[in-house]
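Accompanying notes for the structure given below.
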Amino acid sequence: TYIEKQIREIAAFVLLASRQQLIRASKKSLRLFSHWRLDFLFDDDSKVWLLEAEIVPSTGTIGGVDEVLKTVVLRDVLALNGLGGPPLSQEEDLYPWLRGRTCWRDTTSKGQPPNQVCASPDPRFSLFGESAQQAATDRARIELEKANHPLALDSWAIQLIGAYEARRARRGGYQPLYPLPRSFQYFDGSPGSMRNEAILKHWRERGALSADLVLDAWSHFLGESANISNQKSEQQWLIDPTLSETAARCRSCLEHDAHSFCATVDNDLRVMGRCQATVASCAHATPGLTDGVRLDTIDLCALDQPESMALLLDKSNAAALDELAPNIANFCQEILLLQDTQLSAITLSRLCGAQAPARYAERNSYILEIDGCSSDIHTKLNDAMLANQPLHIRHALCDNVTSWSKTITKYSSSQAPVVAMAFDSGTDGAEPIYAAPMNLGQFLSGTLSKGELPYGSNTSFYLLLTDRQRVDKHSAGTLADPNAQATAEPGPVSDMLMSASRALDSLSTGLSTAWSSIRLGDTYRYPTHVDCYENILLQLHGAKNVSLFSPDAVRYLQPDLNHKHWPRANQADLLRAQRFAVSLTLYPGDAVYIPLLWPHNVQTADWSISANRYFRLDDDTLWRHYTDERKSLAWLLYERLSGDLVC
């Protein structure tokens, strides 16, 4: 009835208002259960208004009709959850209405017949248990297979439908809040407040689950199956072997006046479609798991072109379905590599932005760890590179660690000129780095003893020594290689770099060495950044904390592609990025492989010396191809939206 439909719609939106909280609670407990009561008011026009919602309604009774109603409601709630059956014989005298034989009648009522409340019969015991649910599941499978419905291929969906149908059998008339009625009319004939598309949009925005969408498809299958044989004027739903054939059928359909092509996709992203009258509903008339999308122009028919296919996927609910996520991620990977796509940033973000992060975070939320004294480091390193997976190598030098304390003491009075890096390490973002000229002894003694240096008290310093000029002449004298002259000449600076380089020689890979570096500093934190090379970091002295972020954190870090890839995000997004971070501590002789394009930051609480070596392929074209293959879906999307390349 129109009153019932209004009540169902209001109840659904009450649920939607707290849907996210319910989903979070269900993840903490598999036994989440809730029984709510909604109070309504009817006006003179038979419109329904919500008065209040009680999430802990009273179940105590005061006798009479109150006892009948509450007892029946609780009995129905238990039956829906698989508990119940006919009452024991000794309870019949106490609660006769439980068997439906007796109704409560208001003897003071002046109306004829008097007001009364009667309970429906209790469900039979045969409707409970696994056998009843299996029987319902088998019946659903048979109906779907007879209709060649794609749901018949999804065993999880069929089990879900079986459980739903078993509940319906135990309590006749039971319907979940989803699917909602597609439309209704008030008593005066005016339309209800929500239309088809708006209902589904609101539901998805508040966390539609895969189960919701399966039951929606099943509900419409039940409604459509009785009438589909009478639709002689329309083509039946079809699954074409190729997208080009579907595109051809779509164009052929639009040649007829007042016709449009209704399309959807299955789990394998095969397009299903039907030519139908333009006035016929498309949004919820499909037999697939995604919503139908009306294609009414020739351009939209070009489903064999990635951009048209992307629009179809975006306009349907495909991005919200876990079943489609792997295939959509692969599709997004392909379309984001296209250089001339005309898809808008909004479409790309909506379709591709939610595909990877959760799944990548689960897969990459750990770091592989080995012991260098008992493992084949070279094999493990190459395996980690192939898997694009960080590798923590404890005792990478197998305890053959040279003490650097004597080296530090030896050069603490050296007058060799160096340029330290000075920056504010209190912010994990794109802050300026300054060149801080001094001599080596001043740097070593000043930081070692925490003495005063001629810079601000909140400034962090570290010394970078590298042989990068071997492959990049333009880096000499810049912040990328501020001590190129000192490392090229014999002396204490080049000696320290040479010693660190020898320690790194035992950590070779199948790639060529780009350059090696050594970093010295005391109590500093270097902001989150990205290296455009494969990187191995070796700790030589002191301890260093390394935090690595899954590549999918890029959507929250928002790295500045023109400023060392340092984050530009606000504090809230930086906190969200921490969900993708894993930290480890390196001690002397420990190493970590940091994969290409994995954001990371480092922090020291005391004096620290680290060496690292970057690796790449010698051929620039091959290296570009190698780099592109390592870009996750999140990186490709970020590049497209930023209009620039990360590496």
Side-chain angles (χ1 to χ4, degrees), residues 404-469 472 474-501 515-529 531 537-546 563-564 566 586 600-614:
W404 280 74
S405 299
K406 294 180 180 179
T407 303
I408 296 170
T409 304
K410 177 182 177 181
Y411 296 129
S412 60
S413 59
S414 172
Q415 297 299 308
V418 294
V419 177
M421 316 286 280
F423 60 94
D424 179 5
S425 64
T427 302
D428 190 13
E431 299 295 324
I433 291 184
Y434 300 99
M438 60 185 71
N439 61 58
L440 180 60
Q442 186 182 17
F443 176 83
L444 294 177
S445 60
T447 54
L448 257 180
S449 62
K450 301 185 185 298
E452 290 297 322
L453 287 172
Y455 299 95
S457 59
N458 294 324
T459 303
S460 289
F461 293 88
Y462 81 92
L463 186 62
L464 169 64
L465 309 177
T466 177
D467 58 2
R468 180 171 180 162
Q469 68 274 12
D472 183 6
H474 300 291
S475 66
T478 69
L479 291 177
D481 187 2
N483 294 291
Q485 183 175 349
T487 56
E489 299 174 351
V493 175
S494 58
D495 286 348
M496 285 194 293
L497 178 59
M498 186 65 69
S499 297
S501 184
W515 66 84
S516 303
S517 302
I518 182 173
R519 290 174 169 82
L520 306 89
D522 178 31
T523 315
Y524 71 88
R525 183 179 189 275
Y526 196 78
T528 303
H529 61 286
D531 293 322
L537 176 63
L538 173 65
Q539 190 67 10
L540 298 174
H541 182 85
K544 175 172 285 188
N545 179 269
V546 182
H563 197 112
K564 297 182 70 65
W566 285 1
L586 299 179
H600 57 282
N601 60 57
V602 296
Q603 184 173 0
T604 66
D606 209 333
W607 181 254
S608 168
I609 302 177
S610 305
N612 77 292
R613 180 164 286 171
Y614 296 110

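We're numbering straight along the sequence, starting at 1. Everything numeric here is computed off the predicted structure, so don't read it as measured data.
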Exercise. Evaluate the side-chain contact (heavy atoms from CB on, under 4.5 Å) criterion for residues Phe443 and Leu520: first the C-alpha distance (whole Å), next the side-chain angles of each, then the deciding distance (0.1 Å), finally the verdict.
Key: CA-CA 9 Å; Phe443 176 83; Leu520 306 89; 4.2 Å; yes

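- Across all non-hydrogen atoms, the minimal contact from Leu464 to Ser517 is CD1-CB, 3.9 Å.
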Quiz item: Given His541 and Ser405, is the side-chain contact (heavy atoms from CB on, under 4.5 Å) satisfied, shown in steps?
Solution: CA-CA 8 Å; His541 182 85; Ser405 299; 3.3 Å; yes

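- For the pair His529 (side chain) and His600 (backbone), a donor-acceptor distance under 3.5 Å is present.
- Classification of the Tyr526-Tyr462 ring pair by plane angle, with boundaries at 30° and 60°, yields perpendicular.
- Side chains of Glu489 and Ser494: no donor on one and acceptor on the other come within 3.5 Å.
- Judged as a salt bridge (Lys or Arg N to Asp or Glu O under 4.0 Å), and not counting sequence neighbours, Asp495 has no contacts.
- Heavy atoms of other residues, nucleotides or ligands lying less than 6.0 angstrom from CD of Gln485 number 12 at most.
- Contact between Gln469 and Ala484 at its shortest, heavy atoms only, is NE2-O, 3.9 Å.
- Proximity of a side-chain donor or acceptor of Ser412 to a complementary backbone N or O of Gly441 within less than 3.5 Å is not detected.
- Rounding to the nearest 0.5 angstrom, the gap separating the CG atom in Leu444 from the OG1 atom in Thr407 is 10.0 Å.
- In this structure Ala543 satisfies the side-chain contact (heavy atoms from CB on, under 4.5 Å) test together with Thr585, Tyr587, sequence neighbours excluded.
- Here Met496 contributes atom CE and Thr487 contributes atom OG1; the two are 11.0 Å apart, rounded to the nearest 0.5 Å.
- Looking at residues two or more places apart in sequence or on another chain, you find a side-chain contact (heavy atoms from CB on, under 4.5 Å) between Asn439 and Gln415, Gln442.
- Rounding to the nearest 0.5 Å places CG of Leu440 at 8.0 Å from CG of Leu465.
- Leu538 CG to Ser501 OG: the interatomic distance, rounded to the nearest 0.5 Å, is 11.0 Å.
- Closest approach of Ala611 and Leu540 over heavy atoms only: CB-CD1, 3.9 Å.
- In this structure, the separation between CG on Asp481 and CH2 on Trp515 is 9.5 Å, given to the nearest 0.5 Å.
- From Arg613, atom CZ reaches atom CD1 of Ile518 across 12.0 Å, with rounding to the nearest 0.5 Å.
- The two residues Ser414 and Ala416 have their closest heavy-atom pair at OG-N, 3.1 Å.
- Of all the heavy atoms in Asn483 and Val419, the pair that sits closest is OD1-N, 2.7 Å.
- Across all non-hydrogen atoms, the minimal contact from Leu537 to Ser610 is CD1-CB, 3.8 Å.
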